[in-house]
Amino acid sequence: MQKAESRTGAGFAWKGPRSPAAGELPFLTWSELTETQLFQYQTCSGYSEKMRMIYHWLSLNAEDKQSPVVAELFFNALRWCEKQKFSAAQMSTFFSILKLVHEKCVSDYMENLEAIVDEFRQLLVLHSVERPPISIGIFTGEEAQMVSDYMIQTYFRHYKMYKYVFTPKYTLSLSIRYDNEPEVEEEEEEEEGDATVADGAAMDPDKDKVDQQEVDKTKAEKELRAIISVLLKDHMKKLKGDVDQQMKTLEETLTQQLANIAGGGGAGAKKRGGK
């Protein structure tokens with residue numbers, strides 16, 4: 001439920017939050033959590049009770065092994081908001097931004113760090129500059145910088161962990177078949193009672209040849225697995241370097257943009273929600 005607020009400006013009256021046009025990002029204040037829900041959360045006592053409320057808000061399944069990770073993520077985010085003395089409107093907005101960012105992160109098993117950081121930046125700017133009906137000043141420039149720093153030091157820094165935990169896993173099954181490899185037919189079971197030690201010791205003349213081929217096949221599989229393992233380690237090492245470099249570049253870009261907000265358009269931002 002979204003809480004509408006009326007504002008008057010230079011020759012116009014704006015009733016927000018507005019409905020976004022196609023391709024636009026929505027205003028998120030009160031979209032996930034209402035003021036009443038946050039009041040109940042802040043007045044309840046105990047970690048277990050707060051976690052129960054988060055499970056309910058996010059419709060988490062208690063039997064799902066991923067649920068505790070999600071609940072802990074949002075519990076820590078709300079606790080951080082309380083330490084910063086954010087208003088209910090600011091807590092609701094940050095909760096919704098984090099939820100959208102996380103959903104985008106786990107929606108695709110491919111690398112999408114740059115895309116989710118870009119969406120986070122747009123959402124944060126949308127709620128940090130008082131220019132209705134284009135954007136609203138839920139956060140000041142300084143508070144937007146604090147939110148950005150928190151996300152960089154927590155969620156984005158552990159991006160690969162969340163990606164690993166929440167995206168589907170695919171297992172590669174490798175089998176090798178050589179040309180001209182003889183097919184070994186399953187031997188029929190001998191009737192019990194008539195078999196003798198001599199009969200059991202009788203050897204197929206081609207058995208030694210087949211056994212040697214099996215040994216060679218096993219050896220080749222081990223060598224191939226070793227090669228694949230080396231290639232995967234090299235690829236993961238390169239991927240880690242690429243992600244770390246992206247993180248550094250994106251952090252610098254986001255910090256600069258938020259600094260511009262704090263020194264320019266964000267300077268006149270007014271806080272909403274009763275802070």
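These figures come from a predicted structure and were not determined experimentally. Note that these values count all heavy atoms, side chains included, but never hydrogens, waters or copies made by symmetry.
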Reported [atom1]-to-[atom2] distance for the pair [X] and [Y], which is rounded to 0.5 angstrom:
| X | Y | atom1 | atom2 | result |
| --- | --- | --- | --- | --- |
| I138 | L28 | CD1 | CG | 10.0 Å |
| S128 | R121 | OG | CZ | 11.5 Å |
| C105 | F156 | SG | CZ | 9.0 Å |
| D118 | K104 | CG | NZ | 9.0 Å |
| T93 | Q90 | OG1 | CD | 7.5 Å |
| M53 | Q37 | CE | CD | 7.0 Å |

**OP:** Examine I54 and F39 and state if one hydrophobic cluster contains both, with Ile, Leu, Val, Met, Phe, Trp and Tyr joined whenever side-chain heavy atoms are less than 4.5 Å apart.
**Re:**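 Result: no, two separate clusters.
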Answer whether the closest heavy-atom distance between the side chains of [X] and [Y] falls below 4.5 Å.
| X | Y | answer |
| --- | --- | --- |
| M151 | V101 | yes |
| Y159 | I116 | yes |
| F166 | V70 | yes |
| K99 | L58 | yes |
| M91 | Q42 | yes |
| L123 | E119 | yes |

Kindly say whether [Y] contributes a backbone atom to a donor-acceptor pair with the side chain of [X] at under 3.5 angstrom?
| X | Y | value |
| --- | --- | --- |
| N76 | E72 | yes |
| E35 | A89 | no |
| T34 | W30 | no |
| K50 | C44 | no |
| Q66 | V165 | yes |
| H102 | L98 | no |

Original post:
Without hydrogens or angle criteria, can the side chains of S92 and T29 be said to hold a donor-acceptor pair below 3.5 Å?
Top reply: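 Per modelled atom types, S92 and T29 side chains form no pair under 3.5 Å.
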Original post:
Does a salt bridge link E82 with R79, judged by any charged N lying under 4.0 Å from a carboxylate O?
Top reply: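 Here E82 does not pair with R79 in a salt bridge, since their nearest N and O are not under 4.0 Å apart.
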Original post:
Could you go step by step and tell me if K160 and L113 meet the side-chain contact (heavy atoms from CB on, under 4.5 Å) rule?
Top reply: CA-CA 9 Å; K160 288 182 284 186; L113 176 60; over 6 Å; no
**OP:** Please find out if less than 6.0 Å separates the ring center of F120 from that of Y155.
**Re:**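 Not close enough - the centres of the two rings lie 6.0 Å or further apart.
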Original post:
Given the side-chain rings of F94 and F139, with only the six-membered ring counted for Trp, is the space between their centroids under 6.0 Å?
Top reply: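 Judged by ring-centre distance (under 6.0 Å), F94 and F139 do not meet the cut-off.
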Subject >> Candidate list F75, F95, F86, test ring-ring contact (aromatic ring centres under 6.0 Å, His included), partner W80, passing option >> reply: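 For W80, the ring-ring contact (aromatic ring centres under 6.0 Å, His included) check succeeds only for F86.
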Original post:
Which pairs, with at least one residue in residues 50-72 and sequence neighbours excluded, count as a ring-ring contact (aromatic ring centres under 6.0 Å, His included)?
Top reply: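 Listed by first then second residue: Y41-W57.
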Subject >> For the student: nearest non-hydrogen atoms of N61 and S67, plus distance >> reply: O-OG, 2.6 Å
**OP:** Please report the closest heavy-atom contact between S135 and V125, naming both atoms and the distance.
**Re:** CB-O, 4.3 Å
